[in-house]
Amino acid sequence: MSSLPPGRTRTLALTAILLAAFIDLIDVTILTVTLPSIQADLGASPAQLQWMLSAYTLALGAGLISGARLGDIAGHRRVFVAGVLGFTAASALCALALNPGMLIASRVAQGLFAAAMVPQVLAQIQLLYAPHERGGPMAGFASLTGLAATLGPILGPALTEADLAGTGWRLVFWVNVPLGLATAYASIRLLPESRAETPPRLDLPGVLVSTAGLLLLLYPLIAASDGGRWPGWATGCLLAGGAVLVAFVLRQRRAERAGGSPLVAMSLFRHRSLAGGLLVQLLFSVPVMGFFMVMMQFLQVGVGMAPLEAGLTLVPWSISVAVLAALGAAVLLPRIGRLTVRAGLVVLALALLLMARTAAGATPDTGFLDLLPSVALGGAGMGLVVAPIIQLTLTDVPPEHAGSGSALFNTVTQLAAAVGVAAMGTFFFARTHDLAPDVRTVGDAFHDTLLLATALLAVALAATTLLPRHAARAPEAATTGAATG
């Protein structure tokens, strides 16, 4: 074992891996508001614009489990750096795109390399920090979701309007290049190499089956979410995807019992923290991830805000997430355990109910101050959930399965994001379909969608009984260093 020096060096290492996670998260939200510029420049069709957004999520969600296993086999640092460099190169290709097809293909490449990069982030945090030290790092990781959701709609228009050297919308992708190169350099210098003491083999049939199952689930959730009507073929794909994943689970169980190297060790689900945490994360993330998309529709289409103004309206949410994530993980979780998550879900539900009241009475004059209380309160509730839920979910996962545990968490989060956007989007657009998109129509649709989100949060609250009462605290419960690979 070789331990990473504490203090400044470890903090810089953490900064490097969190920067990579942030680049991944913001690469979806930052593109949303730049699509009109891309359409005008490349002559993209509406369907091609949709796939510029969806191709990334689809590739990322389908590849996360395989990316985590590659980290266990080849070394977490090695795979992380390869993912960062590949993501950087794919970003450059996006910026150089000559036509819509090239941009979509480059977005697929971005997603695949991100699938190698992202699982190593939580794995590195688990390996670098003992359980009693993880509050701050986990809070930092968790707060990135709210930060990306807020900054994306702000940075997208700002970078496009900056038009440095005539780059226009391409600057949204070019900015990833220096950030990616700096992250890769810092990771090589600062992160220790680590992998499982007995590296497993890559289960190629398992990779193919799991990828097929995830694609069958994710594709209809993404492709069918546009237009407000749920097609029959999407239901068929979901049923087929579920059947394929059931077959995958059965195959993984047989491989593990036979002493093989399954892609996912099904024995991990015997740990109450992992099974319960993944369920709560799914139930929590569906309404939250869908909320951000519908909120932007309400602000821009209903109230009539410009993209930059709409993004600035969500800044208090991002600030509250960051502050309360740190407080929840470092202060409240060690003292009251899973009650932190429960309190966060209650606060978030109250915020959405308050926002629903504002939406029902919205006018074209509805602005920042009208939404400030509910936005700030919602970010606080989300912050109390996102950091503690990661620690509670992974608290019982052995260090040698850190990559697999974090991949399962990230896969569930990606799946929940797709389900949330599809379910909330379909519910919302069904209430505005064939109606004039005025503030009354959109406000009423947003009001009803927020009530649905609140109901889902109530189910998540009930599921918290499956969480462990407290996260692990003892330093000896996890590896503070990493084996040299």
Distance in Å, L274 CG paired with L268 CG, rounded so as to fall on 0.5 Å steps: 6.0 Å
OG on S273 to CD1 on I389, rounded to 0.5 Å: 9.5 Å
Heavy-atom check, side chain of F269 versus side chain of L408, under 4.5 Å: yes
Residues which pass side-chain hydrogen bond (donor to acceptor under 3.5 Å, both in side chains) with T464, listed by chain and number, not counting sequence neighbours: R342
Shortest non-hydrogen contact between W169 and S37, atoms and distance: CD1-O, 3.9 Å
Sequence neighbours excluded - salt bridge (Lys or Arg N to Asp or Glu O under 4.0 Å) pairs with any residue from residues 448-467: R431-D448
V121 side chain reached by F80 side chain, heavy atoms, under 4.5 Å: yes
Minimal non-hydrogen separation, H470 against P334, with atom names: ND1-O, 4.3 Å
With sequence neighbours excluded, residues passing salt bridge (Lys or Arg N to Asp or Glu O under 4.0 Å) with D41: R170
side-chain hydrogen bond (donor to acceptor under 3.5 Å, both in side chains) against T366, all qualifying residues, sequence neighbours excluded: none
Atom pair CG/CZ of L332 and R338 - distance to nearest 0.5 Å: 16.0 Å
Euclidean distance, L239 CG relative to L217 CG, rounded to 0.5 Å: 9.5 Å
Any L103 side-chain heavy atom under 4.5 Å of Q48 side chain: no
Set of side-chain hydrogen bond (donor to acceptor under 3.5 Å, both in side chains) partners for D444, sequence neighbours left out: R440
Heavy-atom closest contact (S106 atom, C94 atom, distance): CB-SG, 3.4 Å
Minimum side-chain heavy-atom gap P316-F368 below 4.5 Å: yes
L238 versus P220, closest heavy-atom pair with distance: CD2-CG, 3.8 Å
pair F87-V84: side-chain heavy atoms closer than 4.5 Å: no
side-chain hydrogen bond (donor to acceptor under 3.5 Å, both in side chains) partners for N176, two or more places apart: D27, S91
Whether over 12 other heavy atoms sit under 6.0 Å from F409 CZ: yes
Side-chain heavy atoms of I17 within contact of I125, under 4.5 Å: yes
Selection residues 378-390 - residue pairs positive for salt bridge (Lys or Arg N to Asp or Glu O under 4.0 Å), sequence neighbours left out: none
Ring pair (Phe, Tyr, Trp, His ring centres under 6.0 Å) contacts touching residues 437-466 (sequence neighbours left out): F298-F446
Criterion side-chain contact (heavy atoms from CB on, under 4.5 Å) on V108 and Y56, from CA distance to verdict: CA-CA 5 Å; V108 171; Y56 180 85; over 6 Å; no
Residue pair M117 / I23, side-chain heavy-atom distance below 4.5 Å: no
Side chain proximity check, Q297 to F429, heavy atoms < 4.5 angstrom: yes
Could you pull out every donor-acceptor pair under 3.5 Å between side chains of residues 307-314 and any protein atom, sequence neighbours left out?
from: T313; atom 1: OG1; to: E309; atom 2: O; distance (Å): 2.9

side-chain contact (heavy atoms from CB on, under 4.5 Å) between L93 and F173, intermediate numbers included: CA-CA 9 Å; L93 289 175; F173 294 107; over 6 Å; no
Spacing of CD belonging to Q124 relative to CG belonging to L18, to within rounding of 0.5 Å: 11.0 Å
For the student: nearest non-hydrogen atoms of L283 and A463, plus distance: CD1-CB, 3.7 Å
For F291, ring pair (Phe, Tyr, Trp, His ring centres under 6.0 Å) partners two or more places apart: W317
Side-chain donor/acceptor pairs under 3.5 Å, residues 369-381, sequence neighbours excluded:
from: D370; atom 1: OD2; to: G367; atom 2: N; distance (Å): 2.9
from: S374; atom 1: OG; to: L371; atom 2: O; distance (Å): 3.1

Sidechain-backbone polar pair: S285 side chain, L282 backbone, donor-acceptor under 3.5 Å: no
May I have the list of side-chain donor-acceptor pairs in residues 345-362 shorter than 3.5 Å, sequence neighbours left out?
from: T358; atom 1: OG1; to: L354; atom 2: O; distance (Å): 3.3

Evaluation steps, side-chain contact (heavy atoms from CB on, under 4.5 Å), between L461 and L457: CA-CA 6 Å; L461 180 63; L457 290 176; over 6 Å; no
Residues I30, L159; criterion side-chain contact (heavy atoms from CB on, under 4.5 Å); working and verdict: CA-CA 10 Å; I30 199 173; L159 291 172; 3.9 Å; yes
Spatial distance of atom CE (M295) from atom CD (Q300) [nearest 0.5 Å]: 11.0 Å
Which atom of P388 lies closest to which atom of T340, heavy atoms considered: CG-CG2, 3.8 Å
